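Input: a single structure, listed below in structure tokens.
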Amino acid sequence: DGVNGLLVPPDDPEALAAAMRRLAVDPALRHQMGARSAEMIAPYTPDRWAQAFEDAVERILSSHRKGLRS
């Protein structure tokens with residue numbers, strides 16, 4: 001909370017509105033959190049996600065094939 005986003009309780013529109021107001025009036029906070037968010041997601045490129053998906057599918061298929069041979 002406050003590092004790369006603002007946490008609000010679920011089903012609490014007043015808390016959500018307060019968080020939005022906080023961001024609306026604080027450009028430095030918006031910039032700071034935006035920069036930290038960008039840093040956090042930088043390693044998660046589409047190629048990396050695709051490779052992780054392919055690896056997961058291969059593990060599932062491999063496990064399934066082993067089960068068929070038993």
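Nothing here was measured: the structure is a model prediction, and the numbers come from that model.
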Response to the item:
When every non-hydrogen atom of M40 is compared with those of N4, the smallest separation belongs to SD-ND2, 2.6 Å
Worksheet item: Looking only at heavy atoms, which two atoms of L6 and R22 are closest? And how far apart?
Response: CD2-NH1, 3.4 Å
Worksheet item: Is the closest basic N to carboxylate O distance between E58 and R65 below 4.0 Å?
Response: yes
Practice prompt. Nearest 0.5 Å please: distance from the OG atom of S37 over to the CZ atom of R30.
Written response: 13.5 Å
Discussion item. Nearest 0.5 angstrom please: L16 CG to D11 CG, how far?
Written reply: 11.0 Å
Worksheet item: Under a 4.5 Å side-chain heavy-atom rule over Ile, Leu, Val, Met, Phe, Trp and Tyr, are V3 and L29 clustered together?
Response: no
Item to complete: Using distance alone, with no hydrogens and no angle criterion, decide if Q51 and D55 have a side-chain donor and acceptor under 3.5 Å apart.
Response: yes
Worksheet item: Tell me, do M33 and L23 make a side-chain contact under 4.5 Å, heavy atoms counted?
Response: yes
